[in-house]
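Accompanying notes for the structure given below.
Lettering of chains follows the sequences in order, A, B, ..., and the numbering in each one begins at 1.
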Amino acid sequence: MKAILANVKYLRTSLSSLSRSYSPTPLASHAGAGNPSSSALHDEFVNLCYQRDLPNAMKAMAAMERHGIFADSITYSELIKCCLARNAVKQGMLVHKHVFSNGYQPKTFLVNTLINMYVKFNLLEQAQALFDQMPERNVVSWTTMISAYANAKLSKKALESLVLMLREGALPNMYTFSSVLRACDGLVNLRQLHCCMIKLGLESDVFVRSALIDVYSKLDKLKDAVCVFNEMETGDLVVWNSIIGGLAQNSEGDEALNQFKRMKRAGFATDQATLTSVLRACTGLALLELGRQVHVHVLKFDVDLILNNALLDMYCKCGNLDDAKSVFNRMVVRDVISWSTMIAGLAQNGYSLEALKFFDLMKASGTKPNNITILGVLFACSHAGLVDDGWYYFQSMKRHYGIDPEREHYGCIIDLLGRAGKLDEAVKLIQEMKGEPDATTWRTLLGACRVHRNVDLAIYAAEQVLKLDPEDAGTYVLLSNIFANSQRWEDVSKVRRAMKDKGIAKEPGCSWIEVNKQIHAFVLGDTSHPKSNEINRRLNQLIHKLMGIGYVPDTNYVLQDLEGEQRDDSLRYHSEKLAIVFGLMSLPMESAIRIRKNLRICGDCHTFAKLVAKMENRLIVIRDPIRYHHFQNGVCSCGDYW
DNA sequence: TTAGGGTTAG
């Protein structure tokens with residue numbers, strides 16, 4: 001029986017080989033067609049193509065042509081795949097010449113294969129030339145070009161091609177839509193495309209669906225992305241990854257993790273992309289313990305660069321630099337993102353000098369810095385008070401690394417000068433900077449004014465922020481406090497009125513802490529936590545103890561009258577204080593107390609955290625939306641500037 | 001012969 005099956009198999013192979021071998025070109029000499037030696041030549045050529053033996057296949061093709069035998073479209077196509085597999089550009093171009101020699105009119109699919117080869121070799125012009133000369137273009141020809149335009153970020157050309165294709169009468173398929181969606185950079189286009197896909201009944205294709213979810217997420221239309229996802233009856237891993245990634249990238253970490261749980265329950269195995277997005281969600285939510293659990297699964301994909309970079313970032317952003325360094329040291333391959341992540345991570349967590357050492361190591365390793373690397377370097381300089389070094393890096397970045405300073409780099413230098421109390425120079429730089437300063441630029445100056453108590457400049461900076469970002473509650477609050485501290489009550493009323501008129505309310509402060517894999521959230525005045533009474537009792541005891549060693553609540557940080565609360569109480573129950581006390585109650589002595597906040601930490605809580613860290617001999621790490629604070633032995637890594 | 005998802009700052 002086995003022998004019969006083997007014979008049947010042999011027979012099929014031979015027939016298939018014969019059908020490929022004997023399709024000579026119209027103008028080719030047929031003299032050798034029935035000649036066994038010519039047939040052997042052709043067979044050998046076909047075999048070499050299928051074996052991806054490019055050098056010998058090229059030789060065989062030449063020998064064959066010397067005998068007047070020419071390959072058919074299928075075999076040429078195999079040879080082109082051979083060139084692609086070996087990244088052999090020159091040979092690919094040579095095959096192109098052969099295809100069009102002897103007046104042969106190649107079939108459409110062969111020209112498509114050639115176009116695809118040029119696209120993959122990044123030779124868009126050559127692909128375009130072939131495409132333009134085609135007498136007949138089918139959906140594959142158009143899709144290959146649309147995909148090439150999308151890859152080259154030529155969005156307009158990709159979308160225009162879709163229109164031209166329709167005008168020519170070619171009907172787009174799921175391949176076309178999943179390609180053109182990558183080029184979609186505006187909502188109007190996207191809505192039209194989406195309708196078109198529904199009409200053609202292509203919306204349920206998994207490739208189209210994942211591309212739709214991805215593009216809606218990238219255009220900040222998460223609700224639409226979720227809608228597309230929820231309509232899914234059948235899906236695959238990539239569709240799940242698209243929604244998890246979209247949520248994680250749009251600061252919806254909680255929801256990303258929920259979808260991840262649903263995906264696991266649905267029986268899907270995770271891959272590198274899933275884990276990368278889950279890590280990103282952990283990073284956003286500062287979930288160190290969950291991140292550590294994911295780390296165990298990452299070990300399965302040890303050499304995946306993107307995944308390791310995400311892991312590195314998770315440890316940095318959760319304030320755990322030892323683990324970040326350990327991951328970094330074990331990485332088999334590192335790229336500019338790995339280095340930039342480490343440099344920024346060290347700098348943001350207060351290890352500026354080490355960040356600059358890493359920058360030197362990076363240069364020695366031969367990795368070229370990019371604009372983000374330089375941001376990390378400048379950040380490190382400003383946080384270590386290295387004004388001269390910061391200036392040097394800023395002024396030489398173009399010369400040494402070919403990177404033009406952008407608004408963000410100016411922002412770092414304004415911060416650097418601001419920290420050093422050089423407010424006049426900071427203002428001068430804003431006036432001289434290339435491009436218009438934005439709200440963030442002025443907010444940076446405002447921060448410096450607050451620290452160095454320059455009231456007039458602070459008012460000016462705050463006004464500039466509000467001109468550019470009229471809804472910025474934080475700046476209104478700050479401005480109101482500045483006026484109140486200067487006894488300018490009329491101005492205080494004006495700010496309050498403006499807030500009321502515009503319906504701007506101060507975002508309630510919220511702090512999160514992870515204990516036993518559970519997230520505990522605290523809001524000012526919120527008594528919903530099961531241990532609320534005990535937390536408040538312990539907090540009062542702690543404040544009493546701290547006052548014994550000189551702690552005086554700093555009521556400068558209370559927004560006068562705006563919240564209608566008692567000033568002391570308002571300060572006393574700030575969310576981070578509640579979270580710190582809960583951490584002291586719930587975590588073992590050797591564990592750091594890690595807290596994430598949605599608002600910037602206030603001066604009073606900052607002093608409170610420093611004193612608690614010293615008195616209780618604990619490491620307290622608080623991550624606010626901009627800065628990291630490591631409180632230990634009565635000092636903070638931010639150097640009291642934030 | 002054509003297609004989809006993951007990493008650094010802000």
Side-chain angles (χ1 to χ4, degrees), chain A residues 73-74 76-78 80-81 84 106-117 119-120 138-148 150-151 170 172-182 202 205-215 217-218 235-246 248-249 270-281 283 301 304-314 316-317 334-345 347-348 369-376 378-379 406-409 411-412 438-441 443-444 625-626:
Chain A
S73 288
I74 294 174
Y76 271 134
S77 174
E78 287 304 318
I80 293 163
K81 280 190 217 160
L84 266 173
K107 290 186 178 150
T108 304
F109 88 83
L110 178 55
V111 184
N112 286 343
T113 310
L114 275 170
I115 294 174
N116 184 48
M117 176 193 79
V119 167
K120 296 274 156 54
N138 64 12
V139 56
V140 178
S141 335
W142 283 103
T143 302
T144 308
M145 288 313 293
I146 289 172
S147 176
N151 285 342
N173 61 15
M174 54 277 262
Y175 291 80
T176 323
F177 281 116
S178 54
S179 299
V180 81
L181 279 171
R182 282 187 291 122
L202 297 171
D205 177 75
V206 282
F207 281 75
V208 171
R209 197 175 283 279
S210 55
L212 266 172
I213 293 170
D214 191 51
V215 70
S217 305
K218 293 208 163 78
D236 67 358
L237 178 59
V238 179
V239 178
W240 279 101
N241 284 347
S242 303
I243 195 65
I244 295 170
Q249 286 157 35
T270 53
D271 72 356
Q272 294 97 315
T274 328
L275 293 179
T276 304
S277 294
V278 170
L279 277 172
R280 183 158 174 162
T283 306
F301 307 102
D304 190 289
L305 179 60
I306 296 177
L307 183 52
N308 273 289
N309 283 344
L311 186 63
L312 201 57
D313 192 44
M314 185 275 294
C316 286
K317 292 226 170 63
R334 302 180 191 106
D335 67 356
V336 62
I337 296 181
S338 330
W339 286 101
S340 303
T341 304
M342 268 321 288
I343 291 167
Q348 286 166 334
N370 65 14
N371 56 340
I372 297 168
T373 322
I374 304 297
L375 274 179
L378 297 179
F379 192 95
E406 293 163 34
R407 193 182 281 132
E408 288 77 13
H409 298 100
C412 275
D438 65 358
T440 306
T441 315
R443 248 189 300 262
T444 307
I626 312 275

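Distances were taken from every side-chain heavy atom of A:Lys81 (C-beta onward) to each of B:dG6, B:dT1, B:dG4; the shortest belongs to B:dT1. Side chain of A:Ile372, nearest nucleotide from B:dT7, B:dA3, B:dT8: B:dT8. Ranking B:dG6, B:dT8, B:dT1 by closeness to the A:Ile337 side chain, first place goes to B:dT8. Ranking B:dG6, B:dG10, B:dT1 by closeness to the A:Gln272 side chain, first place goes to B:dG6. The side chain of A:Asp205 has B:dA3 as its nearest neighbour among B:dT8, B:dT1, B:dA3. Comparing B:dT1, B:dG10, B:dT7 by their closest approach to the side chain of A:Glu408 singles out B:dG10.
Between the P atom of B:dA3 and the CD1 atom of A:Ile115 lies a distance of 13 Å, rounded to the nearest Å. Atom-to-atom, CD1 of A:Ile374 to P of B:dG10 comes out at 15 Å; the value is rounded to the nearest Å. In this structure, CZ of A:Phe207 is placed 8 Å from P of B:dG4, rounded to the nearest angstrom. For the pair A:Ile213 CD1 and B:dA3 P, the interatomic distance rounds to 20 Å; values are reported in whole Å. A:Asp438 has its CG atom 17 Å from the P atom of B:dA9, to the nearest Å. In this structure, A:Asp214 atom CG and B:dT7 atom C1' are separated by 15 Å, rounded to whole Å.
Counting non-hydrogen atoms under 4.0 angstrom, A:Thr144 reaches the backbone sugars and phosphates but no base. A:Leu307 comes within 4.0 angstrom of a nucleotide base, judged by non-hydrogen atoms across all strands. Within 4.0 Å (heavy atoms only), A:Arg182 reaches sugar-phosphate atoms of the nucleic acid but no base atom. Across all strands, A:Ser340 comes closer than 4.0 Å to base atoms (heavy-atom distances). Within 4.0 Å of A:Val180, counting heavy atoms only, lies no atom of the nucleic acid at all. Using a 4.0 Å heavy-atom distance criterion, A:Asn370 is classed as a base contact. Across all strands, A:Asn308 comes closer than 4.0 Å to no nucleic acid atom at all (heavy-atom distances). Looking at heavy-atom distances under 4.0 Å, A:Val206 makes contact with a base.
Taking 4.0 angstrom as the limit, A:Lys218 places none of its side-chain polar atoms (N or O) nearer than this to OP1 or OP2 of B:dG4. An OP1 or OP2 oxygen of B:dT7 is reached within less than 4.0 angstrom by no side-chain nitrogen or oxygen of A:Lys317. Contact annotation: A:Gln249 side-chain N/O to B:dT7 OP1/OP2 distance is under 4.0 Å. OP1 or OP2 of B:dA3 sits under 4.0 Å from a side-chain N or O of A:Lys120. For the pair A:Arg280 and B:dT7, the criterion of a side-chain N or O lying under 4.0 Å from OP1 or OP2 is met.
For A:Ser178 and B:dA3, a side-chain-to-base donor-acceptor distance below 3.5 Å is present, hydrogens and geometry of angles not being considered. No N or O donor and acceptor, one from the side chain of A:Ser277 and one from the base of B:dG6, sit under 3.5 Å apart. The base of B:dG6 lies outside donor-acceptor range of the side chain of A:Asn309, with no N or O pair under 3.5 Å. In terms of polar N and O atoms assigned as donor or acceptor, the side chain of A:Asp271 never comes within less than 3.5 Å of the base of B:dG6 in a complementary pairing.
Residues A:Ile74 and A:Phe109 form a side-chain contact, since some pair of their non-hydrogen atoms from C-beta on lies under 4.5 Å apart. In this structure, A:Met145 and A:Ile115 have side chains that are in contact, with non-hydrogen atoms separated by less than 4.5 Å.
Taking A:Ile626 as the reference, A:Arg600, A:Asp624 meet the side-chain contact (heavy atoms from CB on, under 4.5 Å) condition, with sequence neighbours excluded. Residues meeting the side-chain contact (heavy atoms from CB on, under 4.5 Å) test with A:Thr283, sequence neighbours left out: A:Asp313, A:Met314, A:Lys317.
For the pair A:Phe109 and B:dT1, the ring geometry does not qualify as stacking, because the centroid separation below 5.5 Å and plane angle under 30° are not jointly satisfied.
With values rounded to the nearest 0.5 angstrom, A:Thr143 atom OG1 is found 5.0 Å from A:Asn173 atom CG.
The only member of A:Asp304, A:Asp335, A:Thr341 that meets side-chain hydrogen bond (donor to acceptor under 3.5 Å, both in side chains) when paired with A:Asn309 is A:Asp335.
For the residue pair A:Arg182 / A:Asn151, a side-chain donor-acceptor distance below 3.5 Å is found, with atom types taken as modelled.
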